[in-house]
> 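What follows is a structure written as C-alpha cells; I'll ask about it next.
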Amino acid sequence: MTMVGQRDGDEMKDGRRKFDAIVIGSGQGGTPLALSLAEAGWKVALVERKAVGGTCVNEGCTPTKTMIASARIAHLVRRAGDFGVHAGEISLDLERVVQRKRQVVKSFREGSKKRILDSQNLSLIEGSARFVRERQLEVSLQDGRTEFLEADIIVINTGTSPARPEIRGLYDSVAYDSTSIMELDELPEHLIIVGGGYVGLEFGQMFRRFGSEVTIIQRNKQLLSREDEDIADMVLEIMKDEGIDVLLDSEPLQIRSAGGNRISLTVRSSEKETTLAGSHLLLATGRLPNTPDLNLEKAGIQVDGRGFVRVDSRLETTSKGIYAIGDVKGGPAFTHISYDDFRVLKQNLLNGGSSTIEERFVPYVVFIDPQLGRIGLSEKEASSQGRDFRVAKLPFNRVARAIEMDETRGVMKALVDSKTDQIIGAAILGVEGGEIMSAIQIAMMGGLPYTTLRDGIFAHPTLVESLNNLFMTLDS
Ligand SMILES: Cc1cc2nc3c(=O)[nH]c(=O)nc-3n(C[C@H](O)[C@H](O)[C@H](O)COP(=O)(O)OP(=O)(O)OC[C@H]3O[C@@H](n4cnc5c(N)ncnc54)[C@H](O)[C@@H]3O)c2cc1C
Ligand SMILES: NC(=O)c1ccc[n+]([C@@H]2O[C@H](COP(=O)([O-])OP(=O)(O)OC[C@H]3O[C@@H](n4cnc5c(N)ncnc54)[C@H](O)[C@@H]3O)[C@@H](O)[C@H]2O)c1
C-alpha cells in the first residue's frame, strides 16, 4: 500500500485519481473509518452526496431526539399540576422547535465536517458515487463535473432511505417521511401514521404531545413486531393513555384528497374496511438500502432480494477488497452497530486483525416516553431457541424512585439462563429504560450472574437500585 503522495490522491495520466481507500457515504461507520485510515497515513477519499454525518446526524437520531425533548417538556408542563406546580395553559411554537432541531443538527454536522477537512491525507469529495468496474468509481460531483476514482480498498457506507408502501393514490398525494415531517411549519391537525415500529411510535407520541390528533395504522397484530407480546401490549396502553388511536392488524388501501389539505384514507383490517379523515400522512414502514444507483453488478457485488449488500462476518462483500458497513448490509439498523462495523474494519485493515461481527451485543432503545431499552434475547426468541430460562419481572409502580418521580408506567423484565444464572436478555420499559438496560448490558458483558445484581449495593434511591428487587423476584 502506498503511504506517500499528494493529499488528494495521485493523479493518473487519464485524469483518474488513485487512493489507498475510498469510503462511499459519510455515515456512522464511514466517517470514523476514513479518519482513522487517513490518520494511519493512508490516502483516503470520502465521497458524500448529501450531507456529512449521514442519516443519524441529519435525519435520524439527532433531530428526532432533539424534537422528542421538546415534546417531553410539553408533556411535563401539562402534568405540572400533578406535582403541585401551576404552569397555566401551554402553547407550542413549532417554528422554534424546528429551529432548535436545525441548530443542534448543524452543530453536529459542522463539527464532523471540520474534523474531516482538518484531517491530513483525507479528501472529502462531495458527489454521488457509482461503480464503473471492480476498483473504480465514477463520481457525479455536486458542481456538475464528473471524476473517476480508484482504490484497492472500497467501503460502502451508503445507508438506507424510507420505503414507500403500496397504497393506491399515494403518488398523487402529499405524504411525509421521517425526514420531511421534521420540517413542517404548521402542526398537523390529525396525523395518520402508517407503521407501528420505531419511527411510527416516536413521531406518533411526539406529535400527540405537540397537540395533534394521531392515528397509527400497524399491519401486525402488535406494535413493535419483534418484541414480546406483554411488552408490546404495555406500549399500546401507553400510546392509548396519551390519546393516540392505534389500529392493529390493519393496512391502508387507498388515499384520496378530501379537499383543501384534508386526506381520506381507506384502511382494511381482518374484520372490516374503514375510512379515516386526516390532515397529514406519515409513512413509517421501514427503510430500503441505498444500492440501486451504485451499479454494484459492475463490481461483482451481490445483494439480497431487497437490495441489501451481502457481506461475510468480516464485512467483505462478494468482491475482494470491497466492504460494506452500517445499514446498507441489512441486519440491525442502528448507529452504534454501524460504529462497531467501523471498529471491526479498522482492526482488520490497520492491525491485521481478525475481528468479526459475530455474537456481538445489539442493544437498542425505542425513544418513546417512557423508553424501551432492549438487550439480548426476547422471551419469544429464547423459547424458539429451546433455551431453559427463568423470567424476572418488576412493574415500575414498585420502583421507589419511579414513584417519587410519578413515572410509574412500564415494567422491567429480564431472562436468566436456568443452569448458568447468566442474564440472556432484558426489556426495560420505563423511565430511563435505556440507561437501566445499559447497566444490565454491562453485567452481561462482564459475564456476571444475576445474583451479583440481586445482591449488589446500589445508591438509594436510583432506578438501577431496583435491579436488586427485579432479580429477587426469581428467588421469592
Ligand atoms: C428517524 C430516524 C431515527 C433514528 N433514530 C435512531 C436512534 O435513536 N438510535 C440509533 O441507533 N439509530 C437510529 N436511527 C438509525 C440510524 O440513523 C442509522 O442506523 C444510522 O444512521 C446508519 O448509519 P450508516 O453508517 O449505515 O449510514 P447513514 O448514516 O445512513 O449514511 C449514509 C450516507 O451515505 C450517503 N450516500 C448514499 N449513497 C451515496 C452515493 N452513491 N454516493 C455518495 N454518498 C452516498 C448518504 O447521503 C448518507 O449521508 C434512526 C433512523 C431514522 C430514520
Ligand atoms: N430509536 C431507534 O433506535 C430508532 C428510531 C427510529 C428508527 N430507527 C431505525 O430505523 C429503521 C426504520 O424504522 P421504521 O419504524 O420505519 O421501521 P420498522 O421496521 O421498525 O417498523 C415498520 C413497521 O411498519 C409496519 N408496516 C409495514 N408496512 C405496512 C403497511 N403497508 N401498513 C401498515 N403497517 C406496515 C411493519 O409491520 C412494522 O411494524 C428501523 O429499522 C430502526 O433500526 C431506530
Side-chain angles (χ1 to χ4, degrees), residues 22-33 46-65 67-68 109 125-131 137-140 155-167 177-179 181-182 193-203 216-227 232 247-253 267-268 282-295 324-339 341-342 363-368 371-374 434:
I22 303 170
V23 178
I24 314 174
S26 67
Q28 300 310 301
T31 304
L33 183 68
L46 175 60
V47 189
E48 171 54 57
R49 71 178 177 190
K50 217 162 150 193
V52 164
T55 310
C56 180
V57 166
N58 296 290
E59 301 169 350
C61 332
T62 309
T64 53
K65 273 75 233 183
M67 288 178 76
I68 282 172
R109 180 174 55 233
I125 299 178
E126 298 187 290
S128 189
R130 74 192 68 83
F131 284 87
L137 298 171
E138 177 186 17
V139 181
S140 307
V155 180
I156 304 166
N157 179 223
T158 53
T160 56
S161 300
R164 278 178 85 87
E166 280 188 22
I167 305 174
D177 61 25
S178 56
T179 305
I181 196 83
M182 287 190 283
I193 301 178
V194 185
Y198 302 75
V199 171
L201 293 181
E202 290 184 2
F203 278 108
I216 296 176
I217 300 161
Q218 162 73 334
R219 183 160 61 187
N220 294 71
K221 290 196 164 59
Q222 65 170 59
L223 293 171
L224 297 170
S225 326
R226 291 193 54 214
E227 307 305 333
L247 307 181
L248 295 175
D249 199 10
S250 299
E251 238 179 302
L253 286 181
V267 179
R268 179 181 53 198
L282 168 63
L283 305 175
T285 55
R287 296 176 69 84
L288 289 171
N290 292 325
T291 48
D293 305 337
L294 284 173
N295 276 350
I325 61 176
D327 291 2
V328 75
K329 70 181 192 308
F334 302 108
T335 282
H336 40 281
I337 294 303
S338 182
Y339 190 79
D341 290 350
F342 142 66
Y364 55 91
V365 179
V366 188
F367 286 91
I368 50 171
Q371 296 167 7
L372 171 62
R374 279 276 294 108

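Residue numbers start at 1 and run along the sequence shown. Order of listing sets the numbers, starting from 1, for every ligand and every atom in it.
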> Output the distance between atom CE (Met67) and atom CE (Met182), rounded to the nearest 0.5 Å.
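Interatomic distance, Met67 CE to Met182 CE, rounded to 0.5 Å: 7.0 Å.
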
> Does Pro63 reach ligand 1, in the sense of a heavy atom lying below 4.0 Å from it?
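Contact check Pro63 vs ligand 1: negative.
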
> Could you work out, for atom 20 (O) of ligand 2, the closest of Phe203, Tyr198, Phe367 by heavy-atom distance?
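Among Phe203, Tyr198, Phe367, the closest heavy atom to atom 20 (O) of ligand 2 comes from Tyr198.
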
> I'd like to know whether Asp293 forms a side chain to side chain contact (heavy atoms under 4.5 Å, CB included) with Arg130, so could you lay out the CA-CA distance, the side-chain angles of the two residues, the decisive distance to 0.1 Å, and finally the verdict.
CA-CA 7 Å; Asp293 305 337; Arg130 74 192 68 83; 5.7 Å; no

> Classify the contact between Pro162 and ligand 1 as side chain, backbone, both or neither, using a heavy-atom distance cut-off of under 4.0 Å.
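Neither; nothing of Pro162 gets under 4.0 Å from ligand 1.
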
> Where is the nearest protein heavy atom to atom 5 (N) of ligand 1: which residue, which atom, and how far?
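Answer for atom 5 (N) of ligand 1: Lys65 NZ, 3.1 Å.
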
> Nearest non-hydrogen atom to atom 44 (N) of ligand 1 belongs to which of Gln28, Lys329, Arg49?
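Considering heavy atoms of Gln28, Lys329, Arg49, the nearest to atom 44 (N) of ligand 1 sits in Arg49.
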
> Pair Val155, Phe342 - check side chain to side chain contact (heavy atoms under 4.5 Å, CB included), show working.
CA-CA 10 Å; Val155 180; Phe342 142 66; over 6 Å; no

> What's the verdict on side chain to side chain contact (heavy atoms under 4.5 Å, CB included) for Glu251 and Thr285, showing C-alpha distance, side-chain angles and the deciding distance?
CA-CA 11 Å; Glu251 238 179 302; Thr285 55; over 6 Å; no

> Within a distance under 4.0 Å of any heavy atom of Gly25, pick out the atoms of ligand 1 and give their elements.
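Close to Gly25: 33 (C), 34 (O), 35 (C), 44 (N).
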
> With rounding to the nearest 0.5 angstrom, report the CZ to OG distance, Arg268 to Ser250.
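Going from CZ on Arg268 over to OG on Ser250, the span is 10.0 Å.
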
> Roughly how far apart are Asn157 CG and Leu33 CG, rounded to 0.5 Å?
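That separation rounds to 8.5 Å.
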
> Please verify whether a non-hydrogen atom of Gly30 lies at under 4.0 Å from ligand 1.
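Heavy atoms of Gly30 never come under 4.0 Å of ligand 1.
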
> Provide the number and element of each atom of ligand 1 under 4.0 Å from a heavy atom of Gly29.
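Listed by number with element, the hits are 25 (O).
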
> Report the nearest protein non-hydrogen atom to atom 32 (C) of ligand 1: residue, atom name, distance rounded to 0.1 Å.
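Going atom by atom, the protein heavy atom closest to atom 32 (C) of ligand 1 ends up being Asn157 O, 3.2 Å.
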
> Considering only non-hydrogen protein atoms, determine which one is nearest to atom 9 (N) of ligand 1 and report residue, atom name and distance to 0.1 Å.
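For this ligand atom, the closest protein heavy atom is Cys61 SG, 3.8 Å.
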
> Counting from 1, what ligand 1 atoms have a heavy atom of Leu294 closer than 4.0 Å?
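In order of number, 41 (N).
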
> Measuring from atom CG of Leu201 to atom CD of Gln218, what distance do you get when rounded to the nearest 0.5 angstrom?
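If we round to the nearest 0.5 Å, Leu201:CG and Gln218:CD are 8.0 Å apart.
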
> Keeping the roles fixed (side chain from Asp341, backbone from Ile325), state whether a donor-acceptor pair exists under 3.5 Å.
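Not at all, since once roles are kept as given, no pair shorter than 3.5 Å links the two residues.
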
> Counting non-hydrogen protein atoms only, what is the nearest one to atom 13 (O) of ligand 2? Give residue, atom name and distance.
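Ranking protein heavy atoms by distance from atom 13 (O) of ligand 2, first comes Val199 CG2, 3.4 Å.
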
> Give the atom numbers and elements of ligand 1 that come within less than 4.0 Å of a heavy atom of Gly326.
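Contacts of ligand 1 toward Gly326, numbered from 1: 26 (O).
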
> Side chain or backbone, does Ile24 bring an N or O within less than 3.5 Å of an N or O on ligand 1?
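No - when backbone and side-chain N and O of Ile24 are compared with those of ligand 1, no distance drops under 3.5 Å.
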
> For ligand 1, note which part of Tyr198 has a heavy atom under 4.0 Å away: side chain, backbone, both or neither.
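None of Tyr198 does.
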
> Looking only at distance, does Glu202 have an N or O less than 3.5 Å from an N or O of ligand 1?
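N/O-N/O distance under 3.5 Å: no.
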
> Looking only at protein heavy atoms, which one is nearest to atom 25 (O) of ligand 1, and what is the separation?
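That would be Ser338 OG, 2.6 Å.
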
> Answer with side chain, backbone, both or neither: which part of Ser225 has a heavy atom less than 4.0 angstrom from an atom of ligand 2?
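Side chain only.
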
> In the protein, what heavy atom is nearest to atom 15 (C) of ligand 1, and what distance, to one decimal place, separates them?
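In this structure, atom 15 (C) of ligand 1 has Ala333 O, 3.7 Å as its nearest protein heavy atom.
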
> Under a 4.0 Å heavy-atom limit, does Ser250 contact ligand 2 with its side chain, its backbone, both, or neither?
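The backbone, only.
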
> Just let me know how Leu224 lines up against ligand 2, side chain, backbone, both or neither, with a heavy-atom cut-off below 4.0 Å.
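It is neither part, as no heavy atom is under 4.0 Å.
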
> Is it the side chain (CB and beyond), the backbone, both or neither of Glu166 that lies under 4.0 Å from ligand 2, heavy atoms counted?
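Glu166 to ligand 2: no contact under 4.0 Å from either part.
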
> Between the main-chain N or O of Val52 and the side-chain N or O of Asn58, is there a donor-acceptor pair closer than 3.5 Å?
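Looks like yes, one N/O pair under 3.5 Å.
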
> Under 3.5 Å between any N/O of Glu59 and any N/O of ligand 1: does that happen in this structure?
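By distance alone, the answer is no.
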
> Please check this pair: side chain of Asn290 against backbone of Thr158, looking for a donor-acceptor N/O pair closer than 3.5 Å.
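Here the side-chain-to-backbone pair exists.
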
> So which of Asp327, Ile337, Asp341, Val365 gets nearest to atom 18 (C) of ligand 1, if we judge by its closest heavy atom?
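Result: the heavy atom closest to atom 18 (C) of ligand 1 is in Asp327.
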
> Do Ser26 and Glu48 pair up side chain to side chain, a donor and an acceptor below 3.5 Å, judged on atom types alone?
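Yes, because at least one side-chain N or O of Ser26 sits under 3.5 Å from a partner of the opposite role on Glu48.
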
> In terms of atom number and element, which parts of ligand 1 are under 4.0 angstrom from non-hydrogen atoms of Ala51?
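Contacts of ligand 1 toward Ala51, numbered from 1: 49 (O).
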
> For ligand 1, which atoms, with element, lie under 4.0 Å from some heavy atom of Phe334?
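Taking each heavy atom of Phe334 in turn, ligand 1 has 11 (O), 12 (N), 19 (O) under 4.0 Å.
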
> Among all protein non-hydrogen atoms, which one is nearest to atom 20 (C) of ligand 1, and what is the separation to 0.1 Å?
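Looking at atom 20 (C) of ligand 1, the protein heavy atom closest to it is Thr335 OG1, 3.6 Å.
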
> Before signing off on this row, confirm whether Asn220 and ligand 2 have an N or O atom pair separated by under 3.5 Å.
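So ligand 2 has an N or O lying under 3.5 Å from an N or O of Asn220.
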
> Quick one: which ligand 1 atoms are inside 4.0 Å of a heavy atom on His336?
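Result: 11 (O).
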
> Is the backbone of Thr62 close enough, under 3.5 Å, to the side chain of Lys65 for a donor and an acceptor to pair up by distance?
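Not at all, since once roles are kept as given, no pair shorter than 3.5 Å links the two residues.
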
> Can you list the atoms of ligand 1 that are under 4.0 Å from a heavy atom of Gly27?
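Counting from 1, the qualifying ligand atoms are 25 (O), 27 (O), 28 (P), 29 (O), 31 (O).
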
> Select the closest option to atom 37 (C) of ligand 1 among Ile181, Leu137, Thr158, judged by heavy-atom distance.
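Considering heavy atoms of Ile181, Leu137, Thr158, the nearest to atom 37 (C) of ligand 1 sits in Thr158.
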
> When you check the side-chain N and O atoms of Ser140 and Arg49, is any donor under 3.5 Å from an acceptor?
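Their side chains do not contain a donor-acceptor pair, so the 3.5 Å distance test is not met.
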
> Taking distance alone, with no angle check, do Arg287 and ligand 1 share an N/O pair under 3.5 Å?
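Not met; the criterion fails.
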
> At what distance is the nearest protein heavy atom to atom 29 (O) of ligand 1, and which residue and atom is it?
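Looking at atom 29 (O) of ligand 1, the protein heavy atom closest to it is Thr55 N, 2.8 Å.
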
> Sub-3.5 Å donor-acceptor pair from the side chain of Thr31 to the main-chain atoms of Gln28, do we have one?
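Between the backbone of Gln28 and the side chain of Thr31 there is no qualifying donor-acceptor contact (under 3.5 Å).
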
> Hey, is ligand 2 close enough to Val194 that some N/O pair sits below 3.5 Å?
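Val194 vs ligand 2: no N/O contact under 3.5 Å.
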
> For Ser338 and His336, indicate whether the former's side chain and the latter's backbone hold a donor-acceptor pair under 3.5 Å.
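Side chain of Ser338 to backbone of His336, a donor-acceptor pair under 3.5 Å: no, none is there.
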
> If I apply the N/O under 3.5 Å rule, does Val366 come out as touching ligand 2?
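No: no nitrogen or oxygen of Val366 is under 3.5 Å from one in ligand 2.
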
> Looking only at distances, can you tell me whether any N or O atom of Phe334, backbone or side chain, sits closer than 3.5 Å to an N or O atom of ligand 2?
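Such a contact does not occur with ligand 2.
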
> Output yes when the distance from some N or O of ligand 1 to some N or O of Thr64 is under 3.5 Å, and no in every other case.
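Min N/O separation from ligand 1 is not below 3.5 Å for Thr64.
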
> So for ligand 1, is Ala129 a polar contact partner (N or O within less than 3.5 Å, distance only)?
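Yes; at least one N/O pair falls below 3.5 Å.
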
> Hey, what do you get for CG (Asp327) to OG1 (Thr335), rounding to the nearest 0.5 Å?
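The CG atom of Asp327 sits 7.5 Å away from the OG1 atom of Thr335.
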
> At what distance, to the nearest 0.5 angstrom, does CG of Leu294 lie from CG of Leu137?
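That separation rounds to 8.5 Å.
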
> Judging by distance only, is a nitrogen or oxygen of Pro165 under 3.5 angstrom from one on ligand 2?
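N/O-N/O distance below 3.5 Å does not exist for this pair.
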
> Under 4.0 Å, counting heavy atoms only: does Gly127 come that close to any atom of ligand 1?
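It does, in that a heavy atom of Gly127 comes within the 4.0 Å cut-off of ligand 1.
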
> Considering only the protein, which heavy-atom contact is closest to atom 21 (O) of ligand 1, and what is its distance?
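Minimum-distance protein heavy atom for atom 21 (O) of ligand 1 reads Cys56 N, 3.2 Å.
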
